[in-house]
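What follows is one structure encoded as structure tokens, with my remarks underneath.
Note that the coordinates shown come from a computational prediction; the quantities given were computed from them, not determined experimentally.
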Amino acid sequence: MRRALATTVTVLLLAGCTPGEARSQGQPLTGASTTVEDRSNRDGTSAPVADPLYPAYGNPALDVLHYDLALTWAPQPRTLTGTATIRVRVVRAVPSLRLDFSSAYTLGNISVDGAPASGRVADGDLVVDKALPAGAVATLAVGYSGTPATVPMPSHRGDVEPLGLTVTADGGLWTMQEPYGASTWYPANDQPSDKALYDIAVTVPAGWSAVASGTPGPSGDGTFRYTSAAPVASYLTTLAVGQYTKTVVTGPHNLPITLWTRPSDDATRLDALRRMPVYVQWLEDRFGPYPFPSTGVVLVPSQSAMETQQMLTVGGDVVKDPAGASGVLVHELAHQWFGDAVGPATWQDVWLNEGWASYTEQLYRAQSDPAAMNRWEQAARSADTDLRRRLGPPGSPRADSFAENNVYVCPALMLRQLHKSLGDARFFALGRAWAASNAGTARTRADFIAFVNKQTGRDYTGLINAWLDSPTTPV
């Protein structure tokens, strides 16, 4: 997740929405399981649920299986032209197809399974007039064009920026969109429980490059292509367009790592990014093989960083200091296991992402100084007390305070207690098993507790719930 440049405790760095008709119908799926055995997502199939923090976003009546985005960016008129071809599975019968989408765009041709359909954008929704029964699978194609517009970030963080696709002064593009900014550049089921497969093709002028999440494919004639064969939550997609320079380095077991820098980025920033193979290897030694076929970093004019899947989106100033860059990059890479491969079903459990990434960052920082972990824990406990008082416990985040420090520090301390109880071998085995056996899915607190108890053979329910729910710091 995004990271603030600084916090009151210097070692506690941060990482990194009107309801429509289907949403008014949309409640969590009746009888939806929270066990860890029954929700596979290898083909883009998900079990969408209504998000309790941002119920205006996402449609749990639909499960998007695949997005095919064909985009063209024209910098001078600042116009994004696109065709989104979206394959959806209907979870419950719907009178119309509704997805989140920005009113900044004018709609073009719309079809459902090849037949022309009428549609409109209203109150942040794309509404296509096509009723479908439960169990139906349909292909929706939507043409659109316009100048991207961002939406406000529901947070008080010091690095708060507008969400979604941002146009730069020189006509470039970049996006950070957690929790619900993906719909500023394509029609999306913009909620974390609906993961899908992606193909993204972006055409840009000569001399420009387009960077997106996924595995890079063949490019030519100004078109850059990316494929995500592992499922992706909409907030974990990214897009950046500019006059970038590409550098490729190789990670463990020949993992391709692509680094995209801008003309304004000096050699120090690129040198910091070149250490990505070291960080990937360190993480693999503890949590198992990197979950995806490629990784990389694209630098953007942001104040923070984001764990966008297979291609980290990082503010250039965040990595201008090599010492600080290591913590940022380890944190965001750790999310590829914890948050990307397996993520939260709703934003109420964003601690599942941030607790693991924050604690992993501290493990990296303390690797050459064992006493540093004790210093961090003491400082973190002091910060935790204040965070619970101001923001509440991490298991009940506030909708107007998204991704603030309580969902980083407090669950990181919970994982510290698990680590001390289990020891190194069993703790890292737990992390490896959680990421590997749940890859491609969205999980809940109940899933995590059940998994920990089964994996360890001990009952940690009370410890986990205390750290997530207590109004004061647990002893």
Main chain of Tyr57, side chain of Asp100: is a donor-acceptor contact present, judged purely on distance under 3.5 Å?
no
Keeping Asn438 on the side-chain end and Val342 on the backbone end, is there a donor-acceptor pair under 3.5 Å?
no
Donor-acceptor check, side chain of Thr184 to backbone of Leu165, threshold 3.5 angstrom: yes or no?
yes
What is the minimum heavy-atom distance between Ala84 and Leu69, and which atoms define it?
CB-CD2, 3.7 Å
Can you tell if the side chain of Thr168 reaches within under 4.5 Å of the side chain of Leu173, non-hydrogen atoms only?
no
Are Tyr144 and Tyr186 near enough that their ring centres are under 6.0 Å apart?
no
Between Ser118 and Ile110, what is the shortest heavy-atom contact and its length?
C-CD1, 4.4 Å
So, Arg87 versus Thr139: side-chain donor-acceptor pair below 3.5 Å or not?
yes
If you measure from OG on Ser155 to CG on Leu163, what distance do you get to the nearest 0.5 Å?
9.5 Å
Can you tell me how far the OG atom of Ser264 sits from the CG atom of Leu299, to the nearest 0.5 Å?
8.5 Å
Any donor-acceptor pair under 3.5 Å linking the side-chain atoms of Thr237 with those of Gln309?
no
Determine whether the side chains of Glu354 and His331 contain a donor N or O and an acceptor N or O closer than 3.5 Å.
yes
Considering only heavy atoms from C-beta outward, does the side chain of Trp351 approach that of Trp356 to under 4.5 Å?
no
After noting the C-alpha distance and the side-chain angles of Thr247 and Leu270, does the key distance pass the side-chain contact (heavy atoms from CB on, under 4.5 Å) rule?
CA-CA 9 Å; Thr247 302; Leu270 181 56; 4.1 Å; yes
Are His66 and Asp43 linked by a side-chain donor-acceptor pair shorter than 3.5 Å?
no
May I ask you to test the Tyr244-Val298 pair for a side-chain heavy-atom distance under 4.5 Å?
yes
Does the side chain of Val314 reach to within under 4.5 Å of the side chain of Leu273, using non-hydrogen atoms?
no
Let me confirm one number: the CD1-OH distance from Ile257 to Tyr290, rounded to the nearest 0.5 Å.
8.0 Å
Would you find a donor on one side and an acceptor on the other, under 3.5 Å apart, between the side chain of Ser401 and the backbone of Arg398?
no
Looking only at non-hydrogen atoms, find the nearest pair between Pro192 and Ala442 and report the distance.
O-CB, 4.1 Å
Are there over 12 heavy-atom neighbours, none belonging to Asp113, within less than 6.0 Å of that residue's CG?
yes
Is there a side-chain contact (heavy atoms from CB on, under 4.5 Å) between Leu259 and Lys246? Walk through the geometry before answering.
CA-CA 6 Å; Leu259 313 173; Lys246 180 172 75 171; over 6 Å; no
Parallel, tilted or perpendicular: which describes the rings of Tyr105 and Phe101, with under 30° parallel and over 60° perpendicular?
parallel
May I ask you to decide if Arg262's main-chain N or O and Asp265's side chain share a donor-acceptor pair within less than 3.5 Å?
yes
Compute whether any side-chain donor of one residue and acceptor of the other, for Asn453 and Thr461, lie under 3.5 angstrom apart.
yes
Thinking salt bridges, do Arg120 and Asp125 make one under a 4.0 Å N-O criterion?
no
Just checking, is any N or O donor in the side chain of Arg225 or Thr227 under 3.5 Å from an acceptor N or O on the other one?
no
So do the side chains of Leu65 and Val137 get within less than 4.5 Å of each other, counting heavy atoms only?
yes
Under a 4.5 Å cut-off applied to non-hydrogen side-chain atoms, are Lys195 and Val232 in contact?
no
Under 3.5 Å donor-acceptor, Arg89 side chain and Ser46 backbone:
yes
Please determine, by modelled atom types, if Gln348 and Thr346 share a side-chain donor-acceptor pair under 3.5 angstrom.
no
Of all heavy-atom pairs between Ala272 and Leu329, which one has the smallest distance, and what is that distance?
O-CD1, 3.8 Å
Quick one: CH2 on Trp174 to OG1 on Thr313, what's the gap to the nearest 0.5 Å?
9.5 Å
Distance-only, no hydrogens or angles: does the Asp190 side chain make a donor-acceptor pair with backbone N or O of Ser183 under 3.5 Å?
yes
Checking side-chain contact (heavy atoms from CB on, under 4.5 Å) for the pair Met311/Trp260: CA distance, chi angles, key distance, verdict?
CA-CA 10 Å; Met311 180 59 64; Trp260 294 93; 3.9 Å; yes
Measuring from Gln303:CD to Arg157:CZ, what's the distance to the nearest 0.5 Å?
11.5 Å
To the nearest 0.5 Å, how far apart are CG in Leu62 and CZ in Arg98?
10.5 Å
Would you call the rings of Tyr67 and Tyr198 parallel, tilted or perpendicular, taking 30° and 60° as the class edges?
parallel
Do any N or O atoms from the side chain of Asp349 and from the backbone of Pro344 form a donor-acceptor pair under 3.5 angstrom?
no
Apply side-chain contact (heavy atoms from CB on, under 4.5 Å) to residues Ile464 and Met414 and explain how you reach the verdict.
CA-CA 7 Å; Ile464 294 170; Met414 179 266 287; 4.1 Å; yes
Look only at the side chain of Thr223 and the backbone of Ser219, and say whether a donor-acceptor pair between them is shorter than 3.5 Å.
no
Looking at Ala149 and Ala104, what are the two nearest heavy atoms and their distance?
CB-CB, 4.0 Å
Would you check if Ser145 and Leu80 make a side-chain contact, meaning some heavy-atom pair closer than 4.5 Å?
no
Main-chain N/O of Ser209 paired to Gln243 side chain as donor or acceptor, under 3.5 Å
no
Donor-acceptor side-chain pairing of Ser213 and Gln310 below 3.5 angstrom
no
Any side-chain donor-acceptor pair under 3.5 Å between Arg445 and Asn465?
yes
If you define the side chain from C-beta out and look only at heavy atoms, does anything of Thr72 sit under 4.5 Å from Val202?
no
Between Gln191 and Trp347, do the side chains contain an N or O donor and an N or O acceptor separated by less than 3.5 Å?
no
Compare every heavy atom of Pro179 with every heavy atom of Tyr54, then report the nearest pair and how far apart it is.
CE1-CG, 4.0 Å
